[in-house]
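Per chain, numbering begins at 1; letters A, B, ... match sequence-line order.
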Amino acid sequence: MTNPSSTTELPDRYDPAATDADLYARWQQAGLFTAHAARSVRAGGDRTPFTIVIPPPNVTAVLHMGHGLDNTLQDVLIRWRRMAGDEALWVPGTDHAGIATQNVVEKQLAAEGLTRFDVGREAFVARTTAFVAETGGVILEQLRAIGASCDWTRTSYTLSPELSRAVREAFVRLYEAGLVYRGHRVIHWCPRCLTSLSDEEAEFHDTAGKLYHVAYPLADDPTRSLTVATTRPETMLGDVAVAVHPDDERYRELVGRRVRLPVAGIEIPVIADAYTDPAFGTGVVKITPAHDANDFEVGKRHDLLMPVVIDETGVVREVQDAAGRVPAELQGLDRFAARERIVERLRAEGRLVKVEPHQHAVRHCYRCDTVVEPRLSDQWFVRMEPLARPALQALREGALRIRPERHEATYVHWLENIRDWNISRQLWWGHRIPVWYCDACDETIVSREDPTACAKCGGAVRQDEDVLDTWFSSWLWPLSTLGWPDTDAADLQAFYPTDVLVSGPDILFFWISRMIMAGYFFVGESPFHTVFLHGITRDTQGRKMSKSLGNGIDPLDVVERVGADALRYTVVAGMGLGVDIVLDPDDLEKSFAPGRNFVTKLWNIGRVLLGNVGSAPVRPLAGVDARALTRADHWILARLAVAVGECDAALGPARPLTGRWTEADHHVGLRLNDYAEAARRFVWNELADWYVESAKGRLADGGEDAEVARAVLVHAFDQALRLLHPIIPFVTEALWQRLPGRARGAYLAGAAWPAHGTTAHEAAAGEFELVRAAVSALRQVRSDYNIPPSRQVDAVIVPGDDADGTGVLREEAPLIGRLTRCEVRVSDDAPHEAAAHVLLPGGATVVVPLAGLVDLERECARLRGELTELEKQLGALQQRLANERFVSKAPAHVVEGERQKAVEWSARRDQLRDKVGALCGG
RNA sequence: GGGCGAAUAGCUCAGCCGGUCAGAGCGCCUGCCUUACACGCAGGAUGUCGGGGGUUCGAAUCCCUCUUCGCCCACCA
């Protein structure tokens, strides 16, 4: 790479399209993203490992803004730690996404007029496999476009042979521990996907429904009836009882008698069960064990029949134990059509007492949004309570923290009330459940290896038809991607436990909590010590970005228009911890302006800096005699030290300082927006606005001082690029490569994170603050009096009591003059004519003669107003200082600060009075 | 029905343990194409920090309450 010696070789904008891909390829060629197990201290190396496993996107997914955000944050952390000297590993990969992927392929089949049953299981799986192989994993390619520094040599896939082995091992181990069992109960069923769902997969949606009050006449006295309330009249065909509360006086005498079930025309008993809430509706509830989880429990308690009247597709018919319950006219109707018909019949028969509107939460399939049908079936479950205990303990003892902290309460609540996990799915796409049945002797075989015959009787065996919940492989992700169940695997040894898990809060239960439970159960350790939950992206109306609403932003669009760096900077700088980020899908230019502007600014700082510094070798800062440093040099070095400190503080400790999170470090760090702001401020408001401007003259003058300025300039910029690299890796690398003296093959991506500076520069830096104050004062005068830049202004700085300050101002007068386009001299000799006065800290006064420059009359009015306002404020301040209680109770430094302020204000008031006197003649 | 969070400049938000916090970015106003940058420079305006009450010498910051939005959880048929 060449080192351009003038800005003419650098275009005036950074061109991501022409640069980013090339830089990314070179990073990868240099092996910068590849972690080495042997270098981890856990494997005898000398580097602390820092590991993140990516939340594996669905294999068929394409990148959306949520991924853009999530992966940017991970990349910031990974790049930061890599630079900080850790053995940083970011494991990428994809999830086979059972239902989601199967649905995609089924849709393709549907377009051909076929169902999966038409093609058969084997062919369907083959087709899906081919589909995934062909088009899957696109998202991983897309991640490179935003700069994600994943270790692509370790790319994983939940359905790969290696990870499938982990899945089977996990299932068998849980089974052997008695934590996996087969249960016969009512589960959530999606009649469209034709599979069971876990509690988490059956999402509640508020729905405007109706509450139907239906009269069930007493069998032995049709003039009397019990009225039940139901939202789902179609299930009444499966009623086996009506229940009242045992203590409910109103119905006590009816318990044990029978009622006649309308429509079905059969008799069912009245039972007493505490499940019934006497206060709800009429206090009478119909019991339908096969179609309601609670009713199922009641049914079991009372040993009731469990007739199934709705089949797996949601069609009403006599499925099981339901002979004679479904009238012919209802047979074969969809459940919702059946509801209508039943209601009509009830109305016709005079059994419908009333219908009320009813707002309630109805479970829907999280994949296809179909209303879930509770269904009685045999499923595999994981007993979760024993797994939850250590996961709760982890948080209590500080092995784990969740940020922002408010999510910790959610986590605890969920774990404390955890329910068993239905892990079997009636799908074809996924890990086949490793259970075989022998029909000959009824033996159940759960095995790591595929059995060929029944171990007991030698008979033929057949494997369970179901597959595992896709999350059953996801929950092993931190383990399986690192080589588990091979506990000797180099990666597992070197990188497990991992460090930070970055995700949106939406999959806290689906995935994150379960990973923690798996970590403890399978290897006895939490898979990570920090869960970092970020917000989600919303549009300007506050709506969640989604495909269906069409309000999403395609990150690749953004990359194309403003570049990956601008995208990354915008989301990192714009997002508080755990706070949602609002972006306008209709105005990408505006939404990403902060990032775009900053990248351009940085690029231009690079242009002027490189252009002024040239390509000749530059001394390392350490080789510069400290006595040769100017005030400005000290100042920028001091500011750099502050910026580095702020960035480190904002990012926080990468891991618990004492092995466990404590009050001291639990709530610290991961404030990426603060980190971004600290770095931005240094580079823009300090380095560019002040230091670079101040150095231009020195560089032009040449000589020894120019060498010093070059050294400081290059050092400060180099350090700034390092600070910013995790956020905006491309432009910083492109600039860093052009710094003079850059060694071939060295990359910023592999460079060291800035070390804390010394405090050696602070004293001289303070002097430069006085220079800045003088410059600001003169700029303000120019602006206040509307003096155009072209108009030369003579300024006099009248020394104050501070002899040192006067010395500084005298020496720096040329610089102050250059930065303000004024002719500045320091003299006791204040001009006598009308002039503007600005007081500097330390007592010196900037005086600018105004004769011929302004309308004095207007100016006087303005000044008098200013004086009045100041006197008012000063009065209040003095009153405060006269307050006994304030002086005695407030901390000394506060009182001292107020006193100081009063002194300054008084001086300013006196100045202002003089000024008014001088300008306005008394 | 529980639990949690948010309400601060026109917009999106920072403001941790009460006193240099009334701030940033975008937008707006004024003046500048000052040979790095108009995706810029210099200067500037705008907020009784959702309402009410309380604690305190002092509250955007703590407590109570109300209002309005979110989110999560939940077997009230």
Test log, rule salt bridge (Lys or Arg N to Asp or Glu O under 4.0 Å), inputs R681(A) and E646(A): CA-CA 11 Å; R681(A) 197 206 55 229; E646(A) 288 179 351; 2.9 Å; yes

Atom pair distance, as rounded to whole Å: OH in Y569(A) and P in A24(B): 14 Å

Distance in angstrom units between R543(A) CZ and C69(B) P, rounded: 18 Å

Nucleotide of A36(B), C76(B), C26(B) approaching K590(A) most closely (side-chain heavy atoms): C26(B)

Side-chain N,O (H358(A)) to OP1/OP2 (A77(B)) below 4.0 Å: yes

Y216(A) OH to A77(B) C1', straight-line distance once rounded to whole Å: 11 Å

Listed nucleotide nearest any side-chain atom of R779(A), set A42(B), A77(B), C71(B): A42(B)

Assigned partner base of C49(B), Watson-Crick or wobble definition, under 3.5 Å: none

Under 3.5 Å on both distances, the Watson-Crick or G-U partner of C21(B): none

Modelled atom types, side-chain donor and acceptor of T227(A) and K354(A), under 3.5 Å: no

Proximal nucleotide (of C75(B), U34(B), G43(B)) relative to the N294(A) side chain: C75(B)

Among A77(B), C37(B), G25(B), the nucleotide that comes nearest once only the side chain of R680(A) is considered: G25(B)

G-U wobble or Watson-Crick pairing nucleotide for A14(B) (cut-off 3.5 Å, both distances): none

Integer angstrom distance from the P of G40(B) to that of U48(B): 30 Å

Presence of N612(A) side-chain N/O under 4.0 Å of A36(B) phosphate oxygens OP1/OP2: no

Minimum-distance nucleotide to T276(A) side chain [options: G43(B), A77(B), A24(B)]: A77(B)

Touch class at under 4.0 angstrom, heavy-atom based, for A279(A) against every strand present: nothing

Side-chain donor-acceptor pair present, D273(A), H302(A), cut-off under 3.5 Å: yes

H413(A) side chain, from C-beta outward: closest of A77(B), C73(B), A74(B): C73(B)

C4(B) phosphate, OP1 or OP2, under 4.0 Å from W414(A) side-chain N/O: no

Atom-to-atom span, OH of Y275(A) to P of C75(B) - whole angstrom: 10 Å

Sugar-phosphate, base or nothing in reach of V228(A), heavy atoms under 4.0 Å: nothing

Opposite nucleotide pairing with G1(B), Watson-Crick or G-U, both atom distances under 3.5 Å: C73(B)

C1' spacing across the pair A22(B) / U8(B), given as an integer number of angstrom: 9 Å

Salt bridge D584(A)-K590(A), side-chain N to carboxylate O under 4.0 Å: no

The single option from L670(A), D665(A), V531(A) passing side chain to side chain contact (heavy atoms under 4.5 Å, CB included) against R401(A): L670(A)

side-chain N/O R671(A) vs G15(B) OP1/OP2, d < 4.0 Å: yes

Of the listed nucleotides A36(B), A74(B), C72(B), the one nearest the side chain of T410(A): C72(B)

Nearest-angstrom distance, P atom, G25(B) to C72(B): 33 Å

Sugar-phosphate, base or nothing in reach of E200(A), heavy atoms under 4.0 Å: nothing

Atom-to-atom span, CG of L577(A) to P of G5(B) - whole angstrom: 14 Å

Sugar-phosphate only, base, or nothing, as touched by D12(A) at under 4.0 Å among non-hydrogen atoms: nothing

Polar contact flag, side-chain donor to acceptor under 3.5 angstrom, D199(A)-H188(A): yes

Nearest to side-chain heavy atoms of I605(A), which nucleotide of C41(B), A36(B), A14(B): A36(B)

Base paired to C33(B) (Watson-Crick or G-U; both N/O distances under 3.5 angstrom): none

Opposite nucleotide pairing with A6(B), Watson-Crick or G-U, both atom distances under 3.5 Å: U68(B)

Touch class at under 4.0 angstrom, heavy-atom based, for D295(A) against every strand present: nothing

Any-strand Watson-Crick or G-U partner of U56(B), both distances under 3.5 Å: none

Nucleotide nearest F509(A) (side chain, heavy atoms from C-beta), chosen from G40(B), G43(B), C73(B): C73(B)

Under 4.0 angstrom between R419(A) side-chain N/O and C75(B) OP1 or OP2: yes

Mutual orientation of the aromatic rings belonging to F598(A) and W684(A) [parallel < 30°, tilted 30-60°, perpendicular > 60°]: parallel

Sugar-phosphate, base or nothing in reach of T600(A), heavy atoms under 4.0 Å: base

Within the 6.0 Å centroid threshold, strictly below: Y366(A) and F510(A): yes

Nearest-nucleotide pick for R607(A), side chain only, options being A24(B), C75(B), C37(B): C37(B)

Touch class at under 4.0 angstrom, heavy-atom based, for K544(A) against every strand present: nothing

R363(A) vs C75(B): side-chain N/O to OP1/OP2 distance below 4.0 Å: yes

Check: C37(B) base within 3.5 Å donor-acceptor of K601(A) side chain: yes

Sugar-phosphate only, base, or nothing, as touched by A409(A) at under 4.0 Å among non-hydrogen atoms: nothing

